[in-house]
Every structure is written in structure tokens, then in C-alpha cells.
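Naming convention: chains lettered A, B, ... in sequence-line order (proteins, then strands); numbering from 1 in each chain.
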2 protein chains.
Amino acid sequence: MIQPAELVSFLSFLQKIQPLTPSALEAIYSLCSLIAVRKNQNLQEIGMRCKTIYFVKEGLARIFYLKGGNEVTEYFAFENDLIIRAESLFTGKPSLKAIQALEDTVFIGIPADQLFSLFDTFPQIERLFRKIIEQAYVHTVNRMETIQFHSAEERYAQLVEEKPNLIQRIPLKYIASYLGITQVSLSRIRASIR
Amino acid sequence: MIQPAELVSFLSFLQKIQPLTPSALEAIYSLCSLIAVRKNQNLQEIGMRCKTIYFVKEGLARIFYLKGGNEVTEYFAFENDLIIRAESLFTGKPSLKAIQALEDTVFIGIPADQLFSLFDTFPQIERLFRKIIEQAYVHTVNRMETIQFHSAEERYAQLVEEKPNLIQRIPLKYIASYLGITQVSLSRIRASIR
DNA sequence: CTGATTATTTAACATTTGTAAAAGGATAAG
DNA sequence: CTTATCCTTTTACAAATGTTAAATAATCAG
């Protein structure tokens, strides 16, 4: 049985987005499970249908996929970040993307179908979820702008500024593909900054 | 007074995403207005807060913004496409983006605050809107992947395949910035394809 | 139709980024 | 400690894209 204390950070994360009544909170609480994944292990493999919404309770993870034999990092999730493979969850297709723990990581998982079936009983939960997607959408639009119209050097500088600890915690090669460049190119950029 | 026939395409567009009861449809219907904009005129200027959700009934439009004095096209909307400046609508900040008609265009507009206030009475409308955002989100994630990991030539080829008539209807310079490259570069790509 | 304006292409050159291979550092297992 | 492995940097060269300017081509207003 999960101790309520284990979920405090997650539930308060949700409450900040959309206040929830005790019964709605309880309904979400009852769907949560904890999953511990060791460093460099995959929580979800490529090719599985994504049916779970994850939240990083402790640790660090990434979503990545394969492109011409190379791993491409799409997203990093730190403590208190959601991690959702939207392109599978919302389309029902198998995901081409994997979720990997980059440190020993504890995830909170919620089965998506069970969560979605709460929507009819608790419109406030559907509202919560709508707001989460809105935020993710705005974030993605802004990220696209950054990728499309800034140089790799600017993108790196911006990333370092936004998430300084990312550089310490994540191998360079993962950061490079997240920025849309090669590892060699990123190394060159770092050399030119010094 | 708007004739119901004028809104058939829009309402059936919505119904395909989420079936709606007659009273919910009527509620949406009563919020709609028609806006005709001449070619090359702006429906919304840069700097305004975005408080309206638009749908292209006839014609063609784009969202663009300024980057170092140059116009950058973010999105093209054809007949029966929604056009929403999400980054302003969902954050309340003034939009840095303009909406411009690229042909004589008729928009259907819905005031966002009035639409959102229907959510409490009609959870199905909130659901409709959630699904719309989900679709937009998935679309944007896929587009980002395309931009980040395909060459400009591949991106152009893909665009031509997906929307062949886009090439005929839209000036090259707008397409170039949509693809994230310069006009000169796109012209070169076209020459190399022939 | 004509001139003016705008859109597109071409050319020459600079810069950025990619590719492949090797060298240097860091880390983990025995 | 030593070796093996993995990560990062460096080097040399190739390819892609940007920049600037000029040359065509297309479009629009009178």
C-alpha cells in the first residue's frame, strides 16, 4: 500500500494547476502506483502502446526514439515533471519512443484509461487534464520556435540558463540530440564558449 | 443575423471531434460571428491579447511573427482549419504573433472567454476543446520532430506531398520561413529537385 | 500597354553543422 | 592498480545553409 506521504508532491503539483475536491483527489490517489527504475534502465520500451501517465517523484528520465540507428532525445523530465508520450496516448498507436531513467528514479504512474474514465464523474479532473495539455502545448510551440530560429549555440546557452543542473546530470550526447545537433558539434560549441 | 447554413461546415467540423447535443450546439452557434478580411490584411495585429478562436470558413491565412526584422510564418490555415494563437490565449499575455489573410478570407470567430464559460454548463464542450488541444499538441510534437531531424529538402518534399496546393497558393518567402530556412535556400532546393 | 513594384532565381562567398577517425579523459570491474 | 569500456574532445574535410547583391520573372496600378 502506498503511503499518502509518498504522493504529496504529486497531488500538490496537480492542485496547483486545478484545485480538486477531496473526493476527486481520492479518486486520483487510488489510481497511483510507484515504480522504481534503476539508472539506464527503460521504464517503457519502444513499440509499446502508451497507456500510462507518469510523474517523476525522484530522479531524472528522458523520452527518446531511434532515428537512423541513433538515439534522439525528445524530452528530459526532472523531479516533479510529468512524462507523457502524447503521440501514443492520444492516438492509440504504438509509441515509437522509450522512457529511460537517467538516474535511479521513482515514477508515479496512473493508468490513462482509468484516469480518463473519471472524467464523466469528475469534470474537474477533465479540466485539470485539459490545463495540463494546454501547458504542454504552449511549451512545445515555444520549443519549436527556439529550434527553428535560433542557432545551436544560442539553444545551448538558453538551455544552460534555464536548467543549469542539467549539464551536470546528463551526458553530453543526450543533450546534443535534444538540441538537434551532433555530439561533435556541441563539443565544438562548448570549446568556443570557453 | 448569421444564417445557420453559414456555419454548417464549422459545426460539423466540431461534431466530428466530439458529438454535441442540440443545446450545446445552439450555445456555440450563438457565440459565432463572421469576419471577412481582404487579401494581405491582418485579422489580428501583433501585440494584441488573443481572446478569440478562429476557424477559416473560406480562404487562407497564416500566423506570423517578427524575428530580427524578418517575418517568420508559424502556421498556415486553410479552409476548415482552426486558427488559435495558443501562446496568448492560454497564458493571457499579449500575442507576439499576427493573423494575416493570404487570400480574401472569411473567418468564424468565437470569443474565448464566452466559450470557456460554457464549460461548466456543458462538460461536453470542455471535452471538445480538450480533444482539439490534444490534436494540436500531437501535431506540434510531430512537426517539431520533422524540423529537428530532417533536412530542409526533406521538409519541403514532405510539405509538397501533404499539401500540394499550398505551393500554388502561398508565396515562396512565406513557405521558406515556415520550413525554417531562407528564401534563397528554398529556391536552391527547388532548383536542385528539377 | 507601360512602368513600377514585388517575387523568385542565380551567383559568389562565408559560416555553420555534419561525418569519420583518432586521441585524450573519466569511470567501473576485476 | 590495471584494464576495459564509455564519454568527450579534437582534427580534417565535406555538405548544407546563410548572407549579400544582382539578374530575371511575375504582378499590379495607372
Can a side chain N or O of Ser185(B) be found less than 4.0 Å away from OP1 or OP2 on dG18(D)?
yes
Under 4.0 Å: is that the gap between some side-chain N or O of Thr182(B) and OP1 or OP2 of dT17(D)?
no
Interatomic distance where [atom1] belongs to [X] and [atom2] belongs to [N] [whole Å]:
X: Gln183(A); N: dC6(D); atom1: CD; atom2: P; value: 13 Å
X: Lys39(B); N: dT6(C); atom1: NZ; atom2: P; value: 14 Å
X: Ile189(B); N: dT10(C); atom1: CD1; atom2: P; value: 13 Å
X: Glu154(B); N: dA15(D); atom1: CD; atom2: C1'; value: 14 Å
X: Ile193(B); N: dA16(D); atom1: CD1; atom2: P; value: 13 Å
X: Asn40(B); N: dT27(D); atom1: CG; atom2: P; value: 14 Å
X: Arg190(A); N: dT10(D); atom1: CZ; atom2: P; value: 10 Å
X: Ile170(B); N: dT6(C); atom1: CD1; atom2: P; value: 20 Å

Toward the 5' end of DNA chain D, by each residue's nearest nucleotide, Pro171(A) or His150(B)
Pro171(A)
Side-chain contact, heavy-atom cut-off 4.5 Å: Thr52(B) with Leu43(B)?
no
Angle class for the Phe119(B)/Phe129(B) ring planes (parallel below 30°, perpendicular above 60°, tilted otherwise)?
tilted
May I ask you to say what Arg188(B) touches in the nucleic acid, namely base, sugar-phosphate or nothing, with a heavy-atom cut-off under 4.0 Å?
base
Answer with base, sugar-phosphate or nothing: what part of the nucleic acid does Glu153(A) contact at a heavy-atom distance below 4.0 Å?
nothing
Choosing from [options], which nucleotide comes nearest the side chain of [X]?
X: Ala152(B); options: dT17(D), dT10(C), dT8(D); result: dT17(D)
X: Val184(B); options: dT17(D), dA21(D), dT8(D); result: dA21(D)
X: Leu172(A); options: dT17(C), dG18(D), dT8(D); result: dT8(D)

With axes from five pairs an end, tell me the bend angle of the helix from dC1(C)-dG30(D) to dG30(C)-dC1(D), nearest 10°.
40°
Are Lys97(A) and Tyr65(A) in a cation-pi setup, meaning NZ or CZ lies under 6.0 angstrom from the ring centre and within 45 degrees of the ring axis?
yes
Within 45° cone and under 6.0 Å: Arg62(A) NZ/CZ vs Tyr174(A) ring
yes
Can you confirm if the aromatic rings of Phe13(A) and Phe55(A) lie within a centre distance of less than 6.0 Å?
yes
First of Lys173(B) and Ala191(B) reached from the 5' end of DNA chain C, by closest nucleotide
Lys173(B)
Lys/Arg N to Asp/Glu carboxylate O, Lys39(A) vs Asp104(A), below 4.0 Å:
no
Pairs satisfying ring pair (Phe, Tyr, Trp, His ring centres under 6.0 Å), at least one member in residues 72-99 of chain A, at least two apart:
Phe76(A)-Tyr178(A)
